[in-house]
K.L.:
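Have a look at this one.
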Amino acid sequence: MSRARTRTAVISAGLTLIAALGGCAGEPPVPTNAIAANPDPRPTADAMLSQVISRIDERGSTRSQIRGSLGVVGDLTADGVVRYRGQQTDLALNGQTRGTGNQPPQRIALSIVDGTGYLQTPLARPAPDKPWLRISPGAGDFGSKLLSPALDQVQEAVDPRATFSGVEKATRIQTSAPDQVDGKPTTRYQLRIVTAQAADAATDPQQRTRFQKAADAGEPELEYQLWLDESGLPAQFAATGQVAQAGQVSLTSTYRDWGAPTEIRVPPAEKIGVFQDVPPQAQRPR
């Protein structure tokens with residue numbers, strides 16, 4: 001995970017703008033546009049999300065626990081730290097994945113620094129003396145092409161800013177209600193990003209492309225859930241979506257110790273490798 005997450009609902013992406021002129025002289029025109037005639041009654045989330053993003057930037061770091069599914073990769077359970085630096089999100093996670101069937105769980109370590117991922121797992125070992133696999137966005141090696149989308153999803157799962165920044169006004173609050181996370185009081189927001197509106201509003205090219213593809217594919221809205229604690233900081237964040245090469249990915253991040261010191265290291269260069277082509281049969285743990 002540039003990264004590269006339950007939000008807004010939207011009016012059908014197939015709606016077109018129809019000008020409405022008419023009525024008697026001196027009388028206001030009768031709105032025939034579907035959007036004007038049927039305004040979305042749900043409040044926009046821009047004010048709330050702007051405050052959340054500002055508070056995340058102020059604290060700069062957190063400890064996070066991630067649970068969920070990485071599609072074909074299997075279920076993921078991991079704990080670690082996250083550091084927010086401007087638009088950048090660095091992280092270090094340790095945990096395990098569990099595939100389908102009777103496969104035993106596999107240990108996994110993941111670091112993302114300056115947009116480059118470093119993955120350590122017995123099933124993706126580049127060489128006997130290189131336990132870490134480098135995953136670089138836009139790189140031509142097999143590992144980067146295969147795993148970059150899933151890495152993006154993990155990074156977004158720990159950083160609500162990556163999901164909402166730039167499209168706050170295209171996000172609607174579906175519902176909100178009191179809730180608890182780890183026994184502490186929170187407010188749970190069900191959020192919907194209106195994909196057609198987000199594609200128009202987004203300034204980041206990758207973000208704009210993502211929302212446009214979703215709208216074109218018949219997904220008028222993308223759904224997220226965000227729990228805020230009493231100070232307005234995220235206590236939990238949940239997102240589900242289709243990811244290239246991985247399938248359905250559903251992750252929930254739980255946060256604690258906002259502002260805690262973090263140390264995120266890059267593995268030693270001599271321990272890092274890549275898969276230029278399809279790797280040999282995955283190595284089993286010793």
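Note that these values count all heavy atoms, side chains included, but never hydrogens, waters or copies made by symmetry.
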K.L.:
Okay, side chain of T62, backbone of R256: is any donor-acceptor separation there less than 3.5 Å?
P.N.:
yes
K.L.:
Would D159 and R161 satisfy salt bridge (charged side-chain N to carboxylate O under 4.0 Å, His left out), going step by step from the backbone distance to the final call?
P.N.:
CA-CA 5 Å; D159 186 6; R161 305 176 313 163; 2.9 Å; yes
K.L.:
Stepwise, does the side chain to side chain contact (heavy atoms under 4.5 Å, CB included) test hold for L151 with L110?
P.N.:
CA-CA 9 Å; L151 216 61; L110 175 66; 3.5 Å; yes
K.L.:
Does D257 reach the main-chain N or O of A260 with its side chain, forming a donor-acceptor pair under 3.5 Å?
P.N.:
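No, the answer is negative, given that no donor and acceptor are paired below the 3.5 Å cut-off.
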K.L.:
Apply side-chain hydrogen bond (donor to acceptor under 3.5 Å, both in side chains) to the pair T77 and Q96, showing each step before the final yes or no.
P.N.:
CA-CA 5 Å; T77 303; Q96 67 179 25; 5.3 Å; no
K.L.:
For residues S253 and V158, report the shortest heavy-atom separation together with the two atoms involved.
P.N.:
OG-CG1, 3.7 Å
K.L.:
Check whether any side-chain N or O of Q190 sits under 3.5 Å from a backbone N or O of L226 as a donor-acceptor pair, and report yes or no.
P.N.:
no
K.L.:
Hey, are K184 and D182 close enough for a salt bridge, meaning a charged N less than 4.0 Å from a carboxylate O?
P.N.:
no
K.L.:
Quick check on side-chain contact (heavy atoms from CB on, under 4.5 Å): which of T171, V52, I173 does Y189 satisfy it with?
P.N.:
I173
K.L.:
Is the backbone N or O of P205 less than 3.5 Å from a side-chain atom of T209, with the two atoms forming a donor-acceptor pair by type?
P.N.:
yes
K.L.:
So which atom in R63 and which in P261 form the shortest heavy-atom distance, rounded to 0.1 Å?
P.N.:
NH2-O, 3.8 Å
K.L.:
Do L91 and L233 belong together in a cluster built from hydrophobic side chains that touch within less than 4.5 Å?
P.N.:
yes
K.L.:
Looking only at atom types and distance, does a side-chain atom of R55 sit under 3.5 Å from a main-chain N or O of S231, one as donor and one as acceptor?
P.N.:
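Pair found, side chain donor or acceptor close to backbone of S231.
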K.L.:
Locate the shortest heavy-atom distance separating S176 from T187; write the atom from each residue and the value.
P.N.:
CB-CG2, 4.4 Å
K.L.:
Is W258 reachable from W227 through a run of hydrophobic residues whose side-chain heavy atoms are each under 4.5 Å from the next?
P.N.:
no
K.L.:
Write down the atom of D179, the atom of R188, and the distance for their closest heavy-atom approach.
P.N.:
OD2-NE, 3.4 Å
K.L.:
Hey, is the main chain of G74 close enough, under 3.5 Å, to the side chain of T97 for a donor-acceptor pair?
P.N.:
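Here the side-chain-to-backbone pair does not exist.
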K.L.:
Looking only at atom types and distance, does a side-chain atom of R210 sit under 3.5 Å from a main-chain N or O of K213, one as donor and one as acceptor?
P.N.:
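Such a contact is absent between R210 side chain and K213 backbone.
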K.L.:
Is any side-chain N of the basic residue among R98 and D75 closer than 4.0 Å to the acidic one's carboxylate O?
P.N.:
no
K.L.:
Could you go through D114 and T116, starting from their C-alpha distance and side-chain angles, then the distance that decides it, and tell me whether this counts as side-chain hydrogen bond (donor to acceptor under 3.5 Å, both in side chains)?
P.N.:
CA-CA 6 Å; D114 294 330; T116 299; over 6 Å; no
